[in-house]
Amino acid sequence: MEIISSNSDEQQPASIGETERWGSLITGGAMVLMGLRDRSLRGALVALAGGGLAYHGAKGEKCLQDKVAEAANLSQSIRVEKSVTIANKSPEELYRFWRSFENLPTFMKHLKSVTVIDEKRSHWVATAPLDASIEWDAEIINDQENQLISWASVAGADVDNSGFVRFKSAPQGRGTEVKVVIEYNPPGGAVTAAVAKLFGEEPEQQVGDDLRYFKMLMETGEIATTEGQSSGRK
Amino acid sequence: MKAVCWQGTNKVTVETVPDPKLINPRDAIVKITSTAICGSDLHLYNGFNPTMKQGDILGHEFMGEIVELGSAFKNGNIHDKGKALAVGDRVVVPFTISCGGCFFCNRDLWSLCDNSNPNAWMVEKVMGHSPSGLFGYSHLTGGYAGGQAEYARVPFADVGLFKIPSDLTDEQVLFLTDIFPTGYMAAENCNIQPGDTVAIWGCGPVGQFAIRSAFLLGAERVIAIDRVPERLQMAKEGGAEILNFEEIEVGEALKEMTGGRGPDSAMDAVGMEAHGMGLEGFYDKAMQAVRMETDRPNVLRQAIVACRKGGTVSVPGVYTGFVDKMPMGAFMNKGLTMKTGQTHVHRYLQPLTERIQKGEIDPSFLVTHTLPIEQAPHGYEIFKHKKESCIKIVLKP
């Protein structure tokens, strides 16, 4: 598998120790973003998938482009980590629903559609203001049945992104913990605007909302709303 | 339809608004036959909640008849536990909206439902986690249109709506929607043991039900504290001994009335708009006015200091934000327990209906005013200012 990245000029083979560390970070109980610090999520995901650390960021080294962006005080990436616990559903049930990517727009309200191209690849279309849309192809990096799906966008994405969703049994019949970690890597300068357009002022809230809607849909069969109700508003 | 709409601080009007319609599969539409104004509506009326919007339909104590059921009722995709709701059923509507499928609903903690507040993110920023959605109670708890109207949309109707036996009148069962279970849960939260004395601050509707519930749960004595004569009178009729806090120092009186021990449980049935006395009352009003403090906790402070060592403080009174000068030293050193929460209404519907049917309590004692819904603005005024001996208003749409 090949992950194409604008920053893939410094490829390093992974040491076994590194791979194990990323593995336990992503599948364990700690806060993932805290563990990653200034390293890239994509690199960690690739390492976990056993593909070697085919990404410079995982080694904590910065390429020239990163350094320029940093010097110009542009934020290099937006990272979000959110978890919910879903009662009365097993990791298997939730994995199955999520793995059918066509289901995702039912609870991710900014998505217009997800089209599965083949076993690895899918095409994503999200809404943007002024009837615009933003599109990208994503490739599955790692698919551990009933536990974890990780992905990254491929070359040509409007917004480079990578992430994973993890399903894990909660203790003593408390259902399943679902964690989503996403990193958006804007391609250089004009980025922040594009990302803000797509993901709103607070990407963290959007991911949080999406997960909440997923929980509502799984636990109650519907998404609570007041849109369309009566009021005396003038 | 006609609906009571919030227009701003101290202003409600009756407007003609569109009839509600089904939105989600588990919704129902209820045609309202009786609806009440709650003391907590006055917090909204008084402008203490910054997430009210002009035009919001108020009201969270209502009952009526099912006129429409959502698609889930046809395909059986519901959690109704065999209730078999049907169009035409006479029902009460709990003020807390609960999904029936989350961790909290499954543990009988209905007011903590995870899935019924679409605006949970707002609350999470302040409180860490969100309680359930509530009808007609600001956008912080979901922004759901309320039930001071001719019709209401009820989400998760399969879980919430409770069928009422035909031999009971509206006035006997209407308060199952909030204040009777609220008073009852507050009494349960007092952890009443044989021989116990319960002190209750606030003889409004919740306090009245708490007094009677404390006796139902085996309290030896109830001491009720207020300053409004007709409320104290009603408390007395419920079996309580009474204290007027404008005439007597409550802490001293409670100690003397209990052989120096203090009441075994102390209940704050007043909440964030307590009328403090003297310097302390002035301090809280000033702090609240400049937004240094959102809630005035005079009663809570008194309750903590008055409660006997090792006792229980029960707080059904509503708080929304921050309080200042909490006697944490007294709370800690006296080894007190505090129990509180929005009411898990669903838990109490069946047992309290049975108590009403057996004649152990008749909640209609509380009603002092019955008004057509058009007179809701007048109702809010007399309730707020406790004019015309107003204790509880029922509106008829």
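The sequence lines fix the lettering, A, B, ..., with proteins before strands; numbering per chain opens at 1.
Looking at B:Pro155, neither its backbone nor its side chain comes within 4.5 Å of chain A, counting heavy atoms on both sides. Both the backbone and the side chain of B:Arg26 come within contact range of chain A, judged by heavy atoms closer than 4.5 Å. For A:Ile223, the part lying near chain B is the backbone, with the side chain staying farther off; criterion is any non-hydrogen pair under 4.5 Å. Proximity to chain A (any heavy atom under 4.5 Å) is shown, for B:Ala120, by both the backbone and the side chain. Neither the backbone nor the side chain of B:Ala3 comes within contact range of chain A; no heavy atoms are under 4.5 Å apart. When heavy atoms are compared at a cutoff of 4.5 Å, B:Asp19 approaches chain A solely by way of its backbone atoms N, CA, C and O. Using a 4.5 Å cut-off between heavy atoms, B:Glu15 contacts chain A through its side chain alone, with no backbone atom that close. Using a 4.5 Å cut-off between heavy atoms, B:Asn77 makes no contact with chain A at all.
Between B:Ser98 atom OG and B:Leu109 atom CG the span is 10.0 Å, to the nearest 0.5 Å.
Between chain A and the options B:Gly133, B:Cys102, B:Gly100, heavy-atom pairs under 4.5 Å are most frequent for B:Cys102. Considering only heavy-atom pairs separated by less than 4.5 Å from chain A, the leading option among B:Ile57, B:Asn24, B:Asn119 is B:Asn24. Among B:Gly146, B:Ala145, B:Cys105, the residue making the largest number of heavy-atom pairs under 4.5 Å with chain A is B:Ala145. Most heavy-atom pairs under 4.5 Å with chain A, from the set B:Val159, B:Asn115, B:Val17: that is B:Asn115. Of the residues considered (B:Cys5, B:Gly143, B:Ser116), B:Gly143 shows the highest number of contacts with chain A, using heavy-atom pairs under 4.5 Å.
Between A:Lys215 and B:Asp114 there is a salt bridge, since a side-chain N of the basic residue sits under 4.0 Å from a carboxylate O of the acidic one. Between A:Glu177 and A:Lys168 there is no salt bridge, since no side-chain N of the basic residue sits under 4.0 Å from a carboxylate O of the acidic one.
Paired with B:Ser111 under the rule side-chain contact (heavy atoms from CB on, under 4.5 Å), one option of B:His346, B:Arg347, B:Gln342 passes, and it is B:Gln342.
Looking only at side-chain heavy atoms (C-beta outward), A:Ile149 and A:Phe164 stay at 4.5 Å or farther from each other.
Side chains of B:Asp158 and B:His79: no donor on one and acceptor on the other come within 3.5 Å.
Ring pair A:Phe167/A:Tyr95 is perpendicular by interplanar angle, where above 60° counts as perpendicular and below 30° as parallel.
Between A:Phe214 and A:Trp98, the ring center distance clears the sub-6.0 Å criterion. Checked against the 6.0 Å centroid criterion, the rings of B:His60 and B:Phe95 qualify as a close aromatic pair.
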